[in-house]
Enquirer: 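I have a structure here, written as structure tokens, and I will follow up with some questions on it.
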Amino acid sequence: MATTYTYPDAYLARFCTEEREARALELVESYATTAGVTLSASWIERLTITQTYVLAALENQADPEDLFAAKLKAYLQQFDALLPQAVAAAKAAADEPSNLAI
């Protein structure tokens, strides 16, 4: 089987396994539940890819100065920036009036 998402980081892509992706998706869903929001599919994808990179880098890091460490730092920062944006977008979408007639 293959992963659900495409991983554009050529260095980390080979470490983005189905198992890591599944754990990353569980984490993303957990964050959304904690925030009390339902994330859109596009936000789930972005956050899951980023979290999968975090897991791959964290679990393959052998030295605090290796490339995995640098990628871990970068993707943690990216995730930390994306998560509040995703939550805000979900909250804004939830406040939008429906186009459905009642």
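The first residue of the sequence shown is numbered 1, and numbering continues consecutively from there. Remember, it's a predicted structure, so these values are computed and weren't measured experimentally.
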Enquirer: With a 4.5 Å limit on heavy-atom distance, are the side chains of Tyr7 and Leu12 in contact?
Expert: no
Enquirer: Go through the structure and list residues passing side-chain contact (heavy atoms from CB on, under 4.5 Å) with Ser40, not counting sequence neighbours.
Expert: Ser42, Trp43
Enquirer: Under 3.5 Å, side-chain donor or acceptor atoms of residues 65-81 against the rest of the protein: list the pairs with distances, not counting sequence neighbours.
Expert:
residue : atom : partner : partner atom : Å
Asp66   : OD1  : Phe68   : N            : 3.2
Asp66   : OD1  : Ala69   : N            : 2.9
Asp66   : OD2  : Ala62   : N            : 2.8
Asp66   : OD2  : Asp63   : N            : 3.1
Lys71   : NZ   : Asp9    : OD1          : 3.4
Lys71   : NZ   : Asp9    : OD2          : 2.9
Tyr75   : OH   : Asp9    : OD2          : 2.7

Enquirer: Return the OG1 to CD1 distance between Thr6 and Ile49, rounded to the nearest 0.5 Å.
Expert: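 Those atoms lie 7.0 Å apart.
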Enquirer: Output, in order, the C-alpha distance, side-chain angles, deciding distance and verdict of side-chain contact (heavy atoms from CB on, under 4.5 Å) for Leu47 and Gln51.
Expert: CA-CA 6 Å; Leu47 291 168; Gln51 186 63 43; 6.0 Å; no
Enquirer: With sequence neighbours left out, what residues match Thr17 under side-chain contact (heavy atoms from CB on, under 4.5 Å)?
Expert: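 Residues passing side-chain contact (heavy atoms from CB on, under 4.5 Å) with Thr17: Glu19, Arg20.
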Enquirer: Can we say Arg23 and Glu18 salt-bridge, meaning some charged N sits less than 4.0 Å from an Asp/Glu carboxylate O?
Expert: no
Enquirer: Rounded to the nearest 0.5 Å, how far does OG1 of Thr48 lie from OH of Tyr5?
Expert: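 The OG1 atom of Thr48 is 4.5 Å from OH of Tyr5, to the nearest 0.5 Å.
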Enquirer: Side chain of Ser30, backbone of Glu26: donor and acceptor closer than 3.5 Å?
Expert: no
Enquirer: Using 0.5 Å steps for rounding, measure from the CD1 atom of Ile44 to the OG1 atom of Thr4.
Expert: 11.5 Å
Enquirer: Can you run down the salt bridge (Lys or Arg N to Asp or Glu O under 4.0 Å) pairs that involve residues 29-54, sequence neighbours left out, and say none if there aren't any?
Expert: none
